[in-house]
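First listed ligand is number 1; within each ligand, the first listed atom is number 1. Throughout, residue positions are numbered sequentially from 1 according to the sequence presented.
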Amino acid sequence: MSAQIIDGTKIAAQITESIRERIARMERAPGITVVLVGDDPASNVYTSMKEVNCRKAGMRSEKIALPAQTSEGELLAIVERLNKDDSVDGILVQLPLPKHISDSRIIRCIDPAKDVDGLHPINLGLTQLGKGTLVPCTPKGIMRLLTECRVPIAGVRAVVVGRSNIVGKPIAQLLLHQDATVTICHSKTRDLASVTRQADILIAAVGVPKLITADMIKPGATVIDVGVNRVPDPSAPKGYALVGDVDFEGARSVAGAITPVPGGVGPMTIAMLMENTLLAAEARK
Ligand code: GUN
């Protein structure tokens, strides 16, 4: 068997187009500000992609790039300024932040109504209650992929590998709300393979290259790979290759459907960021 490849790029493009059409009918285009602190190459690429894609959809989009030595107080002052700026509908502070700045203190300072990342405790709490409007982008994008691909969720067994606040915990909640039976695994889980092999839907979100191998997958399962790992590859133009948390080549012969890396979950995260920015702008109007 060879798995259906879930084309996140194509689905995200369709969503972007419908967002573009909605924005074209608005009196004022929604505006997002993306804040990057430091010079992590991957974060730099992600934030630029977010900014460029938002602009393509007709949004006002601005990127504030700050030096790595920016203090927590300086960053808090910038977030406060963006909170007060009426032309800004959405604020995204790219994570992780440099070690001397507390991620959670910064996120708590963002106005929840402008928190298009959905990571403020109020928005995470509402997501947990099933009442979230600004739901974290990657989990929201995964749910949209599953729906678009008509993957049954109610009653199935879902296994989430990874317990981060950005992906693991919220995706488990969203699956639970749609009546899946959900297990969360993490670095201390014993006999991981025996758990993952029970999954009808397997979500890998740990940041360990190719952790999930073919023998850990139930035949016919839907496999969603959230990992984006840079591994050294002298033959690649940039000297590294991007690989997921799943051994794609092995897994595709066992799974029923699988997301590739890149081109699976990543584009959906950006599409959901745009959708959240649109929702935030509409709610603030
Ligand atoms: N770093 C990796 N993923 C994300 C995300 O979804 N939002 C933010 N703010 N930072 C990230």
> Quick check on contacts: which atoms of ligand 1 are under 4.0 angstrom from a heavy atom of Asp117?
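Going through ligand 1 atom by atom, the ones under 4.0 Å from Asp117 are 5 (C), 6 (O), 7 (N), 8 (C), 9 (N).
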> Going by an N to O cut-off under 4.0 Å, is there a salt bridge joining Arg284 and Asp86?
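Answer for the salt bridge query: yes.
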> Looking at every heavy atom in both Pro30 and Asp89, which two are closest together, and how far apart are they?
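That closest heavy-atom pairing would be CA-OD2, 3.3 Å.
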> Quick check: does Leu95 get an N/O under 3.5 Å from an N/O on ligand 1?
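Yes: some nitrogen or oxygen of Leu95 is under 3.5 Å from one in ligand 1.
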> Atom 11 (C) of ligand 1: which protein heavy atom is closest, and how many Å away?
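Here the closest protein heavy atom is Gln94 NE2, 3.4 Å.
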> Determine, for Arg22 against Glu282, whether the closest basic-nitrogen to carboxylate-oxygen distance falls under 4.0 angstrom.
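Salt bridge present between Arg22 and Glu282.
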> Only one of Leu175, Val151, Ile224 clears side-chain contact (heavy atoms from CB on, under 4.5 Å) with Met143; which?
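Running side-chain contact (heavy atoms from CB on, under 4.5 Å) over Leu175, Val151, Ile224 with Met143 returns exactly one hit, Leu175.
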> Do Glu27 and Lys285 sit within salt-bridge range, that is, some charged N less than 4.0 Å from a carboxylate O?
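Salt bridge absent between Glu27 and Lys285.
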> Polar contacts were defined as any N/O atom of the residue lying under 3.5 Å from an N/O atom of the ligand; does this apply to Thr269 and ligand 1?
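N/O-N/O distance under 3.5 Å: no.
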> Does an N or O from Val93, backbone or side chain, lie closer than 3.5 Å to an N or O of ligand 1?
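Looking only at distances, the answer is yes, because the N/O contact criterion of under 3.5 Å is met.
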